[in-house]
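Heads up, the thing below is written out as structure tokens.
Side-chain atoms are counted along with the backbone in the values below, which use heavy atoms only and exclude waters and symmetry mates. In this chain, residues are counted from 1 in sequence order.
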Amino acid sequence: MHPVNAIATEYPLATRIAGVREKTTVGLGGASIGVGITVIAGPCAVDSREDLCTTAELVRRSGAHALRGGAFKPRTSPYAFQGLGAEGLRYLAEAREQTGLPVVTEVMDTRDVAAVTEIADVLQIGARNMQNFAMLREVGRTALPVLLKRGLAATVNEFLLAAEYIMAEGNPNVILCERGIRSVDNGCRFTLDVGIIPVLKERSHLPVIADPSHAAGDVRRVIPLALAAVAVGADGIIVETHHDPVRSRCDSAQALPVSLLPDLMRGLQMIEQARSEAQPAHSPMVAAL
Ligand code: PEP
Ligand code: MN
């Protein structure tokens, strides 16, 4: 047996089966993740009603497909801003109402799954919760798509087994997200593991997106990393953006000014175009492997 297939049997639902189950798509409002390039954009955290609604309107005008924003924030320090919680969820619902954009937001605690499910269009599982198995099972019992972030030091197998936990509960709509791992210091906050993107696509049929923001840690690196992720086959990105980054209460150094979002979107389209013209996977020789 090909070694890839030997590994893949550990996650029967997430595994890609050549010629049978090559690639699935996950619905997101009027768009589908896995068809073209999907852009999810918004602040790290819901800072305030006004800030969220201002950014959300500009995200909508940029042509992005969905709004991100955390009401519940996983913070390294217990003294840092932890998010607005239930109040933040209400502002997200308002922003969706105003813009029509579907909302992607994080759930951090199994006790909050019901409340977050009421307003979210996609549930985000953060990197630090990738192996919170109770949480994976809980979101697996909902009917919402789940954006699963790779853990800071998770192997490919651990990542796909985490997806399998969600799917095994009956929820097939999982989106994998590479967001940077711990590695030798490359000057970034985390190392965006672009290499895992084609590996995930070889092994799984699930859509794969990248988060350039948390890997970059600095706004100057966000666009290059986003372009790199799409160049290697990502189906889209989730990017932190803000109408006034210095006001951002969380991760302000990596917040892309929302005025630059249309440029990023154009760049991603150009890379996707180049990718589809040059993609070696379309050659009969590579497809046969
Ligand atoms: C986030 O998306 O704001 C976040 C906290 O991401 P991660 O879990 O990847 O650190
Ligand atoms: Mn963040």
Side-chain angles (χ1 to χ4, degrees), residues 1-28 31-38 40 104 122-127 129-133 135-137 139-181 191-212 215 228-238 272 275-276 279-282 286-289:
M1 189 187 289
H2 190 285
V4 165
N5 290 335
I7 294 164
T9 56
E10 288 181 54
Y11 33 86
L13 300 173
T15 202
R16 172 180 169 276
I17 305 170
V20 177
R21 197 175 56 196
E22 301 257 356
K23 180 169 182 175
T24 49
T25 61
V26 174
L28 178 68
S32 287
I33 305 183
V35 177
I37 300 300
T38 303
I40 303 165
V104 180
V122 175
L123 298 171
Q124 178 175 322
I125 297 292
N129 268 321
M130 189 205 81
Q131 285 189 314
N132 180 338
F133 301 116
M135 178 81 86
L136 298 175
R137 286 198 192 280
V139 298
R141 293 185 198 116
T142 73
L144 289 183
V146 178
L147 193 164
L148 177 66
K149 291 204 162 185
R150 181 187 182 187
L152 274 49
T155 64
V156 177
N157 226 37
E158 287 164 345
F159 193 14
L160 290 174
L161 285 167
E164 189 78 13
Y165 259 92
I166 298 167
M167 301 175 88
E169 292 299 320
N171 187 344
N173 297 311
V174 179
I175 305 140
L176 303 169
C177 179
E178 160 59 25
R179 49 78 71 208
I181 54 169
T191 299
L192 186 70
D193 183 8
V194 288
I196 199 177
I197 293 169
V199 174
L200 291 170
K201 292 198 155 279
E202 285 158 24
R203 297 191 189 176
S204 178
H205 57 90
L206 295 171
V208 181
I209 67 168
D211 170 351
V230 168
V232 296
D235 296 300
I237 59 159
I238 178 167
E272 194 221 1
R275 182 181 88 187
S276 52
Q279 183 70 276
H282 292 163
V286 175
L289 293 178

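The side-chain contact (heavy atoms from CB on, under 4.5 Å) test applied to A162 returns M130, L136, L148, not counting sequence neighbours. With sequence neighbours excluded, no residue forms a side chain to side chain donor-acceptor pair (under 3.5 Å) with N171. Partners of R141 by side chain to side chain donor-acceptor pair (under 3.5 Å), not counting sequence neighbours, listed by chain and number: E138, E169. Legend: residues meeting side chain to side chain donor-acceptor pair (under 3.5 Å) with S32, ordered by chain and number and at least two apart, are absent. When the side-chain contact (heavy atoms from CB on, under 4.5 Å) test is applied to V232, the partners found at least two apart in sequence or on another chain are V194, I197, P198. Applying the ring pair (Phe, Tyr, Trp, His ring centres under 6.0 Å) criterion to F159, with sequence neighbours excluded, gives no partner residue. A18 is linked by a side-chain contact (heavy atoms from CB on, under 4.5 Å) to R16, E22, counting only residues two or more places apart in sequence or in another chain. Evaluation of the side chain to side chain donor-acceptor pair (under 3.5 Å) rule for N173 yields no partner, not counting sequence neighbours. Not counting sequence neighbours, the partners of L144 by the side-chain contact (heavy atoms from CB on, under 4.5 Å) test are T117, A120, L123, T142.
Smallest separation of non-hydrogen atoms from I37 and A234: CD1-O, 3.6 Å. Contact between I238 and C177 at its shortest, heavy atoms only, is CG2-SG, 3.9 Å. Nearest approach of V104 to Q124, heavy atoms of both residues: CG1-OE1, 4.0 Å.
Here the straight-line distance linking atom CD1 of I175 with atom OG1 of T38 works out to 8.5 Å at 0.5 Å rounding. From E10, atom CD reaches atom CG of L161 across 5.5 Å, with rounding to the nearest 0.5 Å. Atom CD1 of I196 and atom CD1 of I181 lie 7.5 Å apart (nearest 0.5 Å).
Side-chain atoms of S204 never come within 3.5 Å of backbone atoms of L200 as a donor-acceptor pair (strictly under, hydrogens ignored). Not a single donor-acceptor pair under 3.5 Å links the side chain of H205 to the backbone N or O of T25. Under a 3.5 Å cut-off, the side chain of N132 and the backbone N or O of M135 do form a donor-acceptor pair. Counting only distance, with no hydrogens or angles, the side chain of R150 and the backbone of R179 share no donor-acceptor pair below 3.5 Å.
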Handout entry: T9 vs T15, side chain to side chain contact (heavy atoms under 4.5 Å, CB included): CA-CA, chis, key distance, verdict
Key = CA-CA 7 Å; T9 56; T15 202; over 6 Å; no
